[in-house]
Amino acid sequence: MSQHREYPRYNARESEPKWRKIWDDEKLFQTKNEDPRPKYYVLEMFPYPSGRIHMGHVRNYAMGDVVARYKRARGFNVLHPMGWDAFGMPAENAAMQNNTHPATWTYANIAAMKAQLKSMGLSLDWDREIATCDPSYYKHQQAMFIDFMKAGLVERKVSKVNWDPVDQTVLANEQVIDGRGWRSGALVEQKELTQWFMKITDYAEELDAALDTLDRWPEKVRLMQRNWIGKSEGLMVRWALDQASAPKGFTELDIYTTRPDTLFGASFMAIAPDHPLAKAASDRNPALAAFCDECRRMGTSVAALETAEKRGFDTGIKAVHPFDPEWKVPVYVANFILMDYGTGAIFGCPAGDQRDIEFATKYRLPILPVIVPADDTGRAAALKDIAEGKPYVDDGVMINSRFLDGMTTDAAFNEVANRLASESMGGRPVASRKVNYRLRDWGISRQRYWGCPIPMIHCEVCGVVPVPKKDLPVKLPDDVTFDRPGNPLDHHATWKHVGCPQCGKPARRETDTMDTFGDSSWYFARFTDPWNEDAPTTPAAVNSWLPVNQYIGGIEHAILHLLYARFWTRAMHKTGHAAVDEPFEGLFTQGMVVHETYKAADGTWLTPAEIRIESGANGRRAFRLSDNSEIGIGDIEKMSKSRRNTVDPDDIIGTYGADTARWFMLSDSPPERDVNWTEDGVQGAGRFVQRAWRICCEIADLSGVDHVGHFGADSTAVRRAAHKALSGVTDDVERLRFNRCVAHVYELSNAMSGALAKGNVTPDMAAALREAATIFVQLLAPMMPHLAEECWAVLGHAGLAGNARWPVLEKALLVEDSFTYPVQVNGKKRADVTVSRTAPQAEVEAAVLADAAVQRALEGRPPKKIIVVPLRIVNVVG
RNA sequence: GCCCCUGUGGCGGAAUUGGUAGACGCGACCGACUCAAAAUCGGUUUCCGCAAGGAGUGCUGGUUCGAUUCCGGCCAGGGGCACCA
């Protein structure tokens, strides 16, 4: 029987600040660039300083901290920094609402959130803290922008842009979701503006190809980026225009197609309303001009564009088929053709494309099948479908296609490409292979105040002139007002007036600021030497630290942030600011934190704090605390203010301590999946904190721990449990499977408390338990660092747990002398047979056949076959 | 519409990647301690069955000595992209 000595409860509220102060005083987490140990860079996506951290942050940073602390224990020089993604709209909104300056609001939020993050006990090097709104940061961003421009990676062009009418600013394509602004939710309009662009399309091929090298990224994210870049391989084909019908000066029409194999199924051409040919044709046809105008007006809202009916207008122009001068097809203007993809013109093959067949049906154009499945039944079905208006879009064999007949899709593609490439029109080949991308250039101009000023000056004489680097940073003016819509920089009385750096004449500053995604596209590089005032990066530092070994953040950044950062890093490489192309070697995207919702009868949502849960054998019921009325338990959803199902990290840390919050966040759910925050779960985590503490206290009190002799069977089992847990946690931290790490730790604690409960602790058992407890605390340390320090101290170890090296695994302990085979008869488990680990196959078979349960299952029949998988399983086939 | 992912107890999930399905936690139930409760400790907990035994990883076929794992078809849920030629 256990002695059941009483130990004081572990008091997180006293213990946690104490250890944090010691870590701070010892400068435990300050990282030196010149440290000779091998480097490891672990980074969590830095937060926007909204004012308070939320549970998503807790989960993200708890995971990153496990990796950082583990790698530190493994002997790495770990870089684990933190900063603030501090520019953006909310600061301006707050300025408007509360009449505070965005900077005041932002820095107050940073201070508040920093205190919250500190209370989590993260092993961060706060000396490297950066805020993107600080001139000492954006100064370098401006310098890089100028370098990028000189390297030809920045462009100023007139373009149709996504205009958010609520935020009164331009949005990148990536920031338009379902036709609405990603922040405001307003229906986005199309507007023609002169804007600054980053030429990300110059890297389209590289950004696509290099995805193959990112083998430590989630497949899902790579796929999303691949789809976003949207590479397609096709053919540019030049069609001659029938001169009798074409406007003057137009002799040919270039189209882009990925299906040149279907060329003999062509029944019409379609061009964008903004296509030069459409404009020329409009000049002599008022009805066509009206149609094009209408299409353009439709285009003001992205949403309208998507739901719009597919319509066309016959220009009267005919195009000549590249393989048959006698074959002429009509040229339509169509509202669904995009001017900025391919050439803004297509040929339509109705039998092989859903949209084309709809169009052909509507305008009574021919529908000729050219590809069908090779087998007879498939062919018949496909022909029937096409006749009924359903296209056949898959590969197959060619029909109705002259010299292509009988060829496969691929062969026909190549045949057409080769034949047309060797023919010429006006001295150029009729067709050439061409790769196209869906990816558009990154428009970075924002008509906002709270962002990084674009360091350019517009001079009437000299044109657009970069601000000389000696004049950087272009600082935001402090005295701005937010009392009217639009860009406060534009309204400022003096800021934008400046002398031209070249000719000295009065000139105008660029008042657009940079998309805040620019700020987060290089912060990971700045962390490597944030003290360098002269340049964005220091070669020795940036090139030894990058790439980030492990980056952790939300899946919502799968496209925007991660694609921009990959581009920016390449641009930095090109301009000499870094020597790598890929910023993030390993990427992990964690799931969301979700919580039950509670909805009162009148439809209002209640917070978890306003209700009480009763659970019994027949389920869980919720009651409102104020009036005891029963409340409906709703779906489990992402924590959000609108559903009122949020839990404040401060409350949890105040009640249970940071370790409990961290432990619960890491347990149960696999980190890439959503985790359901439950009060029961947190209490369970809190119970374990107490249990771990008690076990360590009990073991610390044992006598005979310095035993150095033979370990008996029981004590060996305890040691084995410890080393199995060590092996398991090591393996699973490396693979970021934190829920399994937690399970291994629980198993070890069960083994230790089981041994303690038996009582009569022999000296060898005491020694085994002490060894096990030491390992236990070290396994705990990356996840519950404060508790680990307290246990480390009570066990009498010198120094800090946070400074201890990872325990050494005794592999021999994991292997037992004997092995118990599960024995199946005809695939069903019937017995366990224990034999020596080294027993030869014949001996295993003999032991199995001698087993009574096996004999019973065989019912006297001789076994047909015995399959022995060494150290796995035995299956007897009867 | 196209592309991708996921379906395992009351719940979150585990399963050495083709080898004992349900580790670990939560919840529930039983017991100990207690005047009592909380806390703590011990036990039970996939389903049917008193048991022997049988069934069982969304459904349905297949491959295999053996399938949660591989292949085909279907169903359900989630995500991404969406006039991209």
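Basis for what follows: all heavy atoms, side chains included, without hydrogens, waters or symmetry-related copies. So that the names make sense, note that chain A is the first sequence line, chain B the second, and so on, each numbered from 1.
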What is the nucleic acid contact for [X], judged by heavy atoms within less than 4.0 Å: base, sugar-phosphate only, or nothing?
{"X": "A:N436", "answer": "nothing"}
{"X": "A:G230", "answer": "nothing"}
{"X": "A:T257", "answer": "sugar-phosphate"}
{"X": "A:K220", "answer": "sugar-phosphate"}
{"X": "A:I555", "answer": "nothing"}
{"X": "A:L223", "answer": "sugar-phosphate"}
{"X": "A:V869", "answer": "base"}
{"X": "A:R311", "answer": "nothing"}

Q. Side chain to side chain donor-acceptor pair (under 3.5 Å) between A:Y746 and A:S667: does it pass, once the steps are laid out?
A. CA-CA 10 Å; A:Y746 271 118; A:S667 59; 6.0 Å; no

Atom [atom1] of [X] and atom [atom2] of [Y]: how far apart are they, to the nearest 0.5 Å?
{"X": "A:M784", "Y": "A:R662", "atom1": "CE", "atom2": "CZ", "result": "9.5 Å"}
{"X": "A:M665", "Y": "A:M783", "atom1": "CE", "atom2": "CE", "result": "15.5 Å"}
{"X": "A:S749", "Y": "A:L780", "atom1": "OG", "atom2": "CG", "result": "9.0 Å"}

Quick one: which of [options] gets closest to the side chain of [X]?
{"X": "A:Y746", "options": "B:G13, B:C83, B:C24", "value": "B:C24"}
{"X": "A:E747", "options": "B:C24, B:C81, B:G27", "value": "B:C24"}
{"X": "A:N739", "options": "B:G27, B:A14, B:A85", "value": "B:A14"}
{"X": "A:I346", "options": "B:G19, B:C3, B:A85", "value": "B:A85"}
{"X": "A:R673", "options": "B:A85, B:G80, B:A14", "value": "B:A14"}
{"X": "A:T258", "options": "B:G13, B:G80, B:A85", "value": "B:A85"}
{"X": "A:R691", "options": "B:G19, B:A14, B:C41", "value": "B:C41"}
{"X": "A:Y341", "options": "B:G13, B:C84, B:G53", "value": "B:C84"}
{"X": "A:D832", "options": "B:C26, B:A85, B:U20", "value": "B:U20"}

Rounded distance (Å) that lies between atom [atom2] of [N] and atom [atom1] of [X]:
{"X": "A:Q683", "N": "B:A38", "atom1": "CD", "atom2": "P", "value": "13 Å"}
{"X": "A:D635", "N": "B:G77", "atom1": "CG", "atom2": "C1'", "value": "13 Å"}
{"X": "A:L666", "N": "B:G13", "atom1": "CG", "atom2": "C1'", "value": "15 Å"}
{"X": "A:Q824", "N": "B:U64", "atom1": "CD", "atom2": "P", "value": "17 Å"}
{"X": "A:D668", "N": "B:G27", "atom1": "CG", "atom2": "C1'", "value": "12 Å"}
{"X": "A:I873", "N": "B:G18", "atom1": "CD1", "atom2": "P", "value": "14 Å"}
{"X": "A:I229", "N": "B:C84", "atom1": "CD1", "atom2": "P", "value": "19 Å"}
{"X": "A:D394", "N": "B:C3", "atom1": "CG", "atom2": "P", "value": "9 Å"}

Salt-bridged, A:R355 to A:E358, with N to O below 4.0 Å? no

message = For A:D674, is there an ion pair with A:R59 - N to carboxylate O distance below 4.0 angstrom?
response = no

According to a strict under-4.0 Å criterion, is [X] in side-chain N/O contact with OP1 or OP2 of [N]?
{"X": "A:R687", "N": "B:C26", "value": "yes"}
{"X": "A:R694", "N": "B:C41", "value": "yes"}
{"X": "A:R355", "N": "B:G1", "value": "no"}
{"X": "A:R438", "N": "B:A82", "value": "yes"}
{"X": "A:K828", "N": "B:U20", "value": "no"}

With syn defined as a glycosidic angle within 90 degrees of 0 and anti as anything else, the base of B:G42 is anti

Syn within 90° of 0, anti beyond: B:U17 is syn

Can you tell me the Watson-Crick or wobble partner of [N], both distances under 3.5 angstrom?
{"N": "B:G27", "value": "B:U45"}
{"N": "B:G7", "value": "B:C75"}
{"N": "B:A36", "value": "none"}
{"N": "B:A14", "value": "none"}
{"N": "B:C2", "value": "B:G80"}

P atom, B:G9 versus B:G56: distance in rounded Å?
-> 14 Å

Q: Please measure how far the P atom in B:G31 lies from the corresponding atom in B:A38, and state the result in whole Å.
A: 14 Å

| query | Going through the distances and angles, do A:T597 and A:N645 end up as a side chain to side chain donor-acceptor pair (under 3.5 Å)? | reply | CA-CA 6 Å; A:T597 51; A:N645 61 340; 5.9 Å; no

B:C65 base to A:N875 side chain: any donor-acceptor pair below 3.5 Å?
yes

Between the side chains of A:Y7 and A:D701, does any donor sit under 3.5 Å from an acceptor? yes

Per nearest nucleotide of RNA chain B, the residue lying toward the 5' end, A:I867 or A:R737, is A:R737

